[in-house]
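Computed from a prediction, not measured in an experiment: that's the story for all the values here.
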Amino acid sequence: MTNWLPDLSSGSGPLYQRLADSIESDIDKGVIDAGAKLPPQRDLAYDIGTTVGTVGRAYQLLRERGLVSGEVGRGTYVLARQSETATPEFAAPAVQGTRYVDAPPGKLRFDSTAAPDIGQGAIVADMLSRTAQDYPHEISSYTRDFPDRWFEAGARWLSRNSFRPATEAIVPTLGTHAAVMAAIAALTTPGDYVAFEHLTYSQISRSAGLIGRRTALVASDEEGIDPEDFERVCAQKHPKMIFLMPTAQNPTLACLSAPRRAAIARVAREYNVVLIEDDLYGSLTDDPAPLLAEYAPERTIVAGGLSKSVAAGVRGGWLSCPPAYRHRIRVAHKMITGGMPFLLAEVNARLVLSGQADDISRRSIAEISARMAIVRETLAGFAFRSHDKVPFVWLTLPEPWLSGTFKQACLEHGVLIDDEDEFKAGRSEQVFHAVRFGVSQPKRREDVAGGVAVIRRLLEEGRAGYDSFS
């Protein structure tokens with residue numbers, strides 16, 4: 001790369017965008033090979049006569065496009081394109097022709113945590129058929145009125161421990177992500193800060209950024225978010241909301257203790273911050289700690305859905321909120337998503353109210369537990385966090401592995417995992433040297449065992465067993 005310089009003579013838009021487009025074009029043409037290290041930002045900025053910040057924004061855009069991977073102190077490297085990846089060690093999906101978004105075909109998917117396939121498709125098919133027969137007119141039109149049973153289903157599904165939301169507090173949504181984004185859109189305005197942990201479900205922070213909200217980062221430790229740092233951020237940046245996963249936090253699996261939950265509620269009340277409590281993974285666990293909504297019911301929004309334990313494809317979700325917020329959030333959800341489709345909302349309500357969702361969830365959790373037993377046995381001796389009922393692992397990498405390098409090594413051995421950058425809510429100087437992988441998506445337990453064996457082999461061999469250059 002010593003003689004390479006981007007061609008910025010063509011294209012339109014800001015300089016950082018033209019720079020990113022030029023680099024992508026050279027990657028496509030083979031001018032820049034997979035595994036090549038891009039010039040340090042400061043060097044490239046000097047060579048093309050711009051600022052380091054402009055080059056940094058271009059590199060960030062390339063990362064978002066899935067073209068490069070970078071870590072602090074290591075540099076930015078070009079990732080292999082689909083046509084350049086090694087022959088996968090695992091069989092292609094049973095349904096031929098299936099293509100996955102942003103994923104090379106034929107790889108073992110350890111980058112998803114959707115509910116495992118335990119035969120729920122037949123149950124959902126029956127629900128869909130019956131709903132179509134019972135409500136042909138509603139399916140042929142837009143959804144104008146929400147029947148009471150949709151709210152009853154949400155109240156039942158979100159109930160956990162001592163938390164029992166009223167039906168008047170429920171908003172049916174197209175999944176948990178849509179629920180959270182509707183709340184952010186309804187209760188904040190462009191330019192407002194929304195607080196996140198450094199590591200979290202970063203799709204929310206990215207989506208919030210798309211609608212003009214700014215990100216404020218709050219420190220965490222092994223026990224979860226730090227209430228003292230939350231208070232510091234509140235005093236300095238005055239966020240309107242904070243997004244939290246108090247139980248089985250994604251990706252670290254941290255569970256907040258009751259005293260920390262009480263402290264967070266106190267700070268939120270003092271600084272008038274709305275709490276968004278994502279209980280999607282918490283609902284899989286038997287964690288006895290009260291929900292944040294029990295400490296601060298007047299300012300807490302609880303979101304949850306069916307994706308992790310029943311079926312991600314039915315887009316079942318609900319949120320519970322203070323009654324004063326309900327109308328605004330419901331309108332915002334319609335504006336963002338286009339509205340609730342009757343067919344899906346009715347199927348989700350029937351799954352919950354019939355008890356079938358609970359039955360599927362129990363079977364899903366049993367399957368997850370069996371797969372997690374495979375993980376614990378295979379990775380014995382390595383440092384990782386896991387929960388018997390939660391379908392992902394937070395793996396601390398031993399020296400000399402770096403997160404992005406390990407992700408690439410797994411990819412070239414047929415296994416898709418997520419590096420730590422996938423979960424960073426914003427630009428953070430913190431480095432964790434960890435990766436997350438899920439075990440719920442492979443069809444068979446044998447595939448899980450094979451994938452975890454690949455991960456162990458790479459951990460044991462270290463970088464001496466992996467060469468990114470062909």
Side-chain angles (χ1 to χ4, degrees), residues 151 154-155 158-171 173 176-197 200-201 204-205 208 211 213-218 220 224-247 249 255-280 282-283 289-304 317-333 425:
F151 302 100
L158 294 180
S159 295
R160 190 164 72 82
N161 296 345
S162 299
F163 177 64
R164 296 289 184 273
T167 55
E168 294 78 13
I170 299 299
V171 177
T173 64
T176 307
H177 182 108
V180 174
M181 286 309 303
I184 292 175
L187 304 179
T188 65
T189 58
D192 285 344
Y193 277 106
V194 179
F196 297 89
E197 295 170 81
T200 187
Y201 174 58
I204 295 297
S205 64
I211 60 172
R213 277 56 170 178
R214 294 186 289 174
T215 293
L217 297 179
V218 182
S220 302
I225 189 169
D226 181 355
E228 292 185 2
D229 197 59
F230 176 39
E231 185 165 14
R232 176 192 65 79
V233 170
C234 288
Q236 292 181 356
K237 297 195 173 181
H238 309 289
K240 294 293 183 64
M241 309 182 91
I242 182 169
F243 172 78
L244 298 159
M245 305 181 82
T247 305
Q249 196 263 8
C255 290
L256 284 174
S257 64
R260 285 207 181 190
R261 296 176 192 231
I264 289 168
R266 175 191 61 77
V267 173
R269 188 173 288 117
E270 179 178 349
Y271 289 92
N272 195 27
V273 178
V274 176
L275 302 170
I276 300 183
E277 181 171 14
D278 184 340
D279 198 43
L280 193 56
S283 63
L291 272 67
L292 279 174
E294 297 185 58
Y295 293 99
E298 82 287 355
R299 64 183 58 255
T300 303
I301 296 167
V302 179
W318 299 268
L319 65 78
S320 168
C321 63
Y325 299 159
R326 182 187 179 192
H327 178 70
R328 279 185 286 168
I329 293 176
R330 183 170 169 179
V331 171
H333 180 268

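Here the side chains of Ile204 and Asp278 are not in contact, with every heavy-atom distance at 4.5 Å or above. Between Phe243 and Ser205, every side-chain heavy-atom pair lies at or beyond the 4.5 Å cut-off. The side-chain heavy atoms of Ser159 and Pro165, taken from C-beta on, include a pair separated by under 4.5 Å. A 4.5 Å side-chain heavy-atom check between Thr300 and Leu291 finds every atom pair outside the cut-off. By the 4.5 Å heavy-atom criterion applied to side chains, Ile276 and Val194 are not counted as neighbours.
For Ala289, the side chain to side chain contact (heavy atoms under 4.5 Å, CB included) criterion is met by Arg261, Asp287, not counting sequence neighbours. Looking at residues two or more places apart in sequence or on another chain, you find a side chain to side chain contact (heavy atoms under 4.5 Å, CB included) between Pro259 and Ser257. Listed by chain and residue number, nothing satisfies the side chain to side chain donor-acceptor pair (under 3.5 Å) test with Arg326 (two or more places apart in sequence, or in another chain). With sequence neighbours excluded, the residues forming a side chain to side chain donor-acceptor pair (under 3.5 Å) with Thr188 are Arg213, listed by chain and number. Checked against side chain to side chain donor-acceptor pair (under 3.5 Å), Tyr193 has the following partners two or more places apart in sequence or in another chain: Arg214. For Glu298, the salt bridge (Lys or Arg N to Asp or Glu O under 4.0 Å) partners at least two apart in sequence or on another chain are Arg269. When the salt bridge (Lys or Arg N to Asp or Glu O under 4.0 Å) test is applied to Asp279, the partners found at least two apart in sequence or on another chain are Arg160. Residues forming a side chain to side chain contact (heavy atoms under 4.5 Å, CB included) with Pro227 (at least two apart in sequence, or on another chain): Arg260, Ala263, Ile264. For Arg299, the side chain to side chain donor-acceptor pair (under 3.5 Å) test picks out Asn272, with sequence neighbours left out. With sequence neighbours excluded, the residues that form a side chain to side chain contact (heavy atoms under 4.5 Å, CB included) with Cys234 are Phe230, Pro239, Val267, Tyr271, Val273.
From Ile170, atom CD1 reaches atom CG of Leu319 across 7.5 Å, with rounding to the nearest 0.5 Å.
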Do Ser220 and Asp226 pass the side chain to side chain contact (heavy atoms under 4.5 Å, CB included) test, and can you show the C-alpha distance, the side-chain angles, and the key distance before you say yes or no?
CA-CA 5 Å; Ser220 302; Asp226 181 355; 5.9 Å; no

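For residues 227-245, every residue pair satisfying the side chain to side chain donor-acceptor pair (under 3.5 Å) rule, not counting sequence neighbours, is listed here: Asp192-Lys240, Asp229-Arg232, Arg232-Gln236.
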